[in-house]
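Residue indices begin at 1 and follow the sequence shown.
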Amino acid sequence: MALSSEVDLERLNIEDYLSSDSIQEPHKKLQLKDLLDIAPTLTEAAGAIVDDSFTRCFKSNPPEPWNWNIYLFPLWCMGVVFRYGILFPLRVAILAVGWIIFFAAFLPVHFLASGHSKWRRYIERALVEMICGFFVTSWTGVVKYHGPRPSMRPHQVFVANHTSMIDFIILEQMSAFAVIMQKHPGWVGFIQTHILESVGCIWFNRTEAKDREIVARKLRQHVQGADTNPLLIFPEGTCVNNQYTVMFKKGAFELGCAVCPVAIKYNKIFVDAFWNSKKQSFTKHLVRLMTSWAVVCDVWYLEPQYLRPDETSIEFAERIRDMIAARAGLKKVSWDGYLKYFRPSSKLTERKQQIFAESVLQQLKK
């Protein structure tokens with residue numbers, strides 16, 4: 001966390017907290033006892049700053065309401081009727097047709113073409129790209145891709161910032177990636193197990209410590225394959241609200257291969273694509289997208305990067321994060337995204353707040 005930037009943004013007015021005796025003389029030097037008097041207040045304020053800098057990464061920021069007068073409200077009502085009464089049923093029909101076509105082609109290929117593995121993988125990969133295209137169509141997706149299309153070659157891994165599970169769908173319709181993803185229950189889990197494994201996707205359970213070793217071994221095996229699909233990883237490990245980017249996990253940067261950054265930026269003019277998985281199921285998230293006007297976003301495929309001789313994997317991850325944040329216009333914060341699921345103990349939180357408050361005191365003393 002950049003301390004100086006936090007202090008500059010909300011500079012404390014010390015005189016509001018000092019006693020009148022301490023500020024009677026305009027040129028009197030600030031005493032250490034005066035700073036100690038306001039230490040509890042600073043600690044409390046620092047706690048609020050620390051907490052806010054983390055939680056704001058996972059909050060959806062709704063747009064300002066525009067239907068606030070008698071002239072605009074009727075137009076808003078007409079828009080609601082059109083989106084829910086016409087667009088939504090039409091989009092559901094499009095998605096249903098897509099699934100019918102997909103299963104009509106996927107099931108015979110999957111069960112009958114087992115002896116022709118090369119052609120089977122090629123057809124299944126094309127069908128997965130097709131159904132992802134139907135999903136994007138069901139949102140009236142307007143996606144602009146920048147840069148060369150990903151190629152299927154060994155010794156490379158693609159990493160991207162993460163806003164929603166639809167990140168994978170938007171990237172998958174362009175090129176069939178093998179993604180590393182948290183295992184989900186319900187119909188999403190069924191698709192993961194029975195369909196997406198055909199393109200080499202790897203699943204893990206965040207609560208299982210042994211899954212880390214298994215996934216790490218599968219990652220190394222995958223990047224060595226000559227005919228495997230490009231590997232896609234979301235190193236933040238959780239969905240962030242497309243305004244910030246949290247720390248990258250270093251696993252993707254220890255594989256000894258080229259790392260290809262991918263920056264994704266959603267335009268909130270029609271809908272906020274952020275998926276808050278703690279408050280909303282993925283089904284409800286899809287319904288919200290399908291009842292919006294459109295999903296608009298830009299995707300940038302950036303230049304491949306390699307680990308430098310004097311660079312650690314953590315420094316490499318931060319360099320890639322800098323590139324993605326700069327391209328997508330995201331703000332960097334020094335937080336581990338897993339804290340969204342596993343909050344630190346109260347002792348650790350109090351200790352971090354104390355360290356922050358002491359740093360603020362040192363800044364004020366200078």
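For the residue pair Y145 and Q173, a side-chain donor N or O sits within less than 3.5 Å of a side-chain acceptor on the partner. For the residue pair T283 and W187, a side-chain donor N or O sits within less than 3.5 Å of a side-chain acceptor on the partner. Using modelled atom types, one finds a donor on one side chain and an acceptor on the other under 3.5 Å when comparing T140 with R91. Side-chain contact of N241 with Y266: a donor-acceptor pair under 3.5 Å is absent, judged by distance alone.
In the hydrophobic cluster analysis, where Ile, Leu, Val, Met, Phe, Trp and Tyr join through side-chain heavy atoms closer than 4.5 angstrom, I264 is grouped apart from L330. If you chain together hydrophobic residues whose side chains sit under 4.5 Å apart, V179 and I131 fall into the same group.
Pairs passing the salt bridge (Lys or Arg N to Asp or Glu O under 4.0 Å) check and including a residue from residues 296-316, sequence neighbours excluded, read E311-R319. Screening residues 294-329 for ring-ring contact (aromatic ring centres under 6.0 Å, His included), with sequence neighbours left out, gives H146-W300, F253-F316.
A distance of 11.0 Å separates CZ in F103 from CG in L127, rounded to the nearest 0.5 Å.
Residues F270 and A294 share a closest heavy-atom pair of CB-O, 3.2 Å. Residues A273 and L289 share a closest heavy-atom pair of CA-CD2, 4.4 Å. A252 and V259 get closest at one heavy-atom pair: O-CG2, 4.0 Å.
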